[in-house]
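Let me begin by presenting the structure, written as structure tokens, before commenting on it.
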2 protein chains.
Amino acid sequence: MLLHHPPRDELDLPSILHALSDPQRLGIVRQLAAQGGACACYSLAIEGTKSTRTHHLRVLREAGLIHQEMVGTSKFNALRRADIDARFPGLLDAVLADKASLAVAPPAQANASLVDAHAAVARATLRSA
Amino acid sequence: MLLHHPPRDELDLPSILHALSDPQRLGIVRQLAAQGGACACYSLAIEGTKSTRTHHLRVLREAGLIHQEMVGTSKFNALRRADIDARFPGLLDAVLADKASLAVAPPAQANASLVDAHAAVARATLRSA
DNA sequence: AGCATAGTTCGATGTTCGTTGAACTATATG
DNA sequence: CATATAGTTCAACGAACATCGAACTATGCT
């Protein structure tokens, strides 16, 4: 089932700032920014249990900061860089430029990239042929 | 008594973002930015009682977003624009550029500026001479 | 001195938040 | 079919938050 993502023109500054005010979520956004492409949930370095991870990623999606889509049993997450930059020019640059907070982001695990996701999609397509 | 203001190098991004994630406090910061100089508490347009106003202004000061000082019975508040811009370049510009949130900021009351504050100080000096 | 004004503090209240473990769903694989 | 993996939901918990009214403090003025 499709996840709801707020459209670009409905992005709300207080919601975005609230989502980013939590150190965990700020760290997630930094990891996604550093990655450039999409990351699977399990490859993100997030403190706490899977419930906590699900919670934080949902807050980020509902604020409009990330795009999420399922591929098989995995969910891939990507920063909505273009949307955020268009709606609030300079905000992400300013937030991501801060290096003092980098110390609190744990080292990212080996990432499952969108390449793996596409491979999974290809396998599914081959099977239905 | 002097109020504690975090020094520039101790400004913390999550705390700043948390302070700004509340629509009331975001509105206060916009008013102070538009004003340019310092504003007395009573001249800020803030929803709720004086307790609420005191609460929000304290959160902004403790996050390091504003500078506060007493003059007589009034407290004057000013945005720490230079400190914030030095510590997180572009952040305030991006936050203040958002026009969609402007609709929720009530019209600012006639401001008591620092000119009035200086007049009060002058009167006090004259009296002690 | 008393009075007025600005602002603060405190405890209370209801709400929101981050976190968790148990139970669950969906997909992929053999 | 069973099993494994990824991810979700729910209720519970303790903490944090925004708001308020009553009571208070500090300063300025007469």
Side-chain angles (χ1 to χ4, degrees), chain A residues 1-4 14-15 17-28 38-44 46-63 66 68-77 104 109 111-112 116-117 119-128, chain B residues 1-4 14-15 17-28 38-44 46-63 66 68-77 109 111-112 116-128:
Chain A
M1 158 259 248
L2 286 178
L3 295 157
H4 177 261
S15 297
L17 295 175
H18 170 259
L20 292 172
S21 68
D22 179 84
Q24 282 258 63
R25 292 195 291 271
L26 187 53
I28 294 169
C39 291
C41 292
Y42 61 80
S43 69
L44 291 165
I46 301 174
E47 299 289 325
T49 68
K50 291 205 289 182
S51 318
T52 300
R53 187 180 70 191
T54 298
H55 164 78
H56 282 307
L57 289 168
R58 182 176 55 245
V59 171
L60 288 172
R61 171 172 51 81
E62 288 175 356
I66 66 172
Q68 290 186 303
E69 63 184 291
M70 298 298 300
V71 178
T73 55
S74 299
K75 179 178 276 171
F76 284 83
N77 311 274
V104 304
Q109 294 163 355
N111 280 325
D116 297 326
V121 169
R123 288 197 294 275
T125 304
L126 212 59
R127 256 197 307 283
S128 67
Chain B
M1 151 268 254
L2 286 180
L3 294 157
H4 177 262
S15 297
L17 296 174
H18 170 260
L20 292 173
S21 67
D22 179 84
Q24 282 258 62
R25 293 195 290 271
L26 186 54
I28 294 168
C39 291
C41 292
Y42 62 79
S43 68
L44 291 165
I46 301 174
E47 300 288 325
T49 69
K50 290 204 286 180
S51 318
T52 299
R53 188 180 71 191
T54 296
H55 163 76
H56 282 306
L57 288 169
R58 183 175 58 243
V59 171
L60 289 172
R61 171 173 50 81
E62 288 175 357
I66 65 172
Q68 291 185 302
E69 62 183 292
M70 298 297 300
V71 178
T73 55
S74 299
K75 179 179 276 172
F76 283 83
N77 311 275
Q109 294 164 356
N111 279 325
D116 298 325
H118 285 318
V121 168
R123 288 198 292 277
T125 305
L126 213 58
R127 253 194 314 282
S128 67

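Protein chains get the first letters and strands the later ones, always in sequence-line order, with residue 1 at the start of each. Heavy-atom basis, side chains included; hydrogens, waters and symmetry copies ignored. Please read these numbers as outputs of a predicted model, since none were measured by experiment.
- Counting to the nearest Å, the P atom of D:dT25 and the CE atom of B:Met70 are 15 Å from each other.
- The line from CZ of B:Arg53 to NE2 of B:His55 is 14.0 Å long, rounded to the nearest 0.5 Å.
- The side chain of B:Thr73 approaches D:dA26 more closely than any other nucleotide in the set C:dG18, D:dA26, D:dT5.
- With distances taken from any side-chain atom of B:Thr52 to the nucleotides C:dT20, C:dG7, D:dC20, the minimum falls on D:dC20.
- Separating the CG atom of B:Leu3 from the P atom of C:dG7 is a distance of 12 Å, rounded to the nearest angstrom.
- Taking only side-chain atoms of B:Arg25, from C-beta outward, the nucleotide of D:dT9, D:dA6, D:dA18 with the closest atom is D:dA18.
- Protein atom CG of A:Asn77 is 12 Å distant from nucleotide atom C1' of D:dA6, rounded to whole Å.
- One can place NZ of A:Lys50 at 15 Å from P of C:dA23, the figure rounded to the nearest angstrom.
- Closest to the B:Cys41 side chain, of the nucleotides D:dT19, C:dG18, C:dG7, is C:dG7.
- Residues B:Ala40 and B:Ser43 approach most closely at O-OG, 2.8 Å, considering heavy atoms.
- Comparing D:dC20, D:dA6, D:dA18 by their nearest atom to the side chain of A:Tyr42 picks out D:dA6.
- Atom CZ in A:Arg58 sits about 6 Å away from atom P in D:dT9, given to the nearest Å.
- B:Asn77 contributes no side-chain N or O that, together with a main-chain N or O of B:Gln68, makes up a donor-acceptor pair within less than 3.5 Å.
- The side chain of B:His56 contributes no N or O atom lying less than 4.0 Å from OP1 or OP2 of D:dC17.
- Per the geometry, CD belonging to B:Glu47 stands 12 Å off C1' belonging to D:dT19, to the nearest Å.
- Side-chain atoms of A:His18 lie closest to C:dC17 of the nucleotides C:dT9, C:dC17, D:dG7.
- When all heavy atoms of A:Ile66 and A:Leu57 are compared, the pair lying nearest together is CD1-O, 3.6 Å.
- Look at CG on A:Leu57: it is 14 Å from C1' on C:dG18, rounded to the nearest Å.
- At a cut-off of 3.5 angstrom, the base of C:dG21 holds at least one donor-acceptor pair with the side chain of A:Ser51.
- If you take CZ of A:Arg53 and P of D:dT5, they are 14 Å apart, rounded to a whole angstrom.
- Of all nucleotides listed (D:dG7, C:dA6, C:dG18), C:dG18 comes nearest to the side chain of A:Asp22.
- The side chain of B:His55 lies closest to D:dA18 when the candidates are D:dC20, D:dA18, C:dA6.
- Looking at heavy atoms from C-beta onward, A:Thr52 lies out of side-chain contact with A:Glu47 at the 4.5 angstrom threshold.
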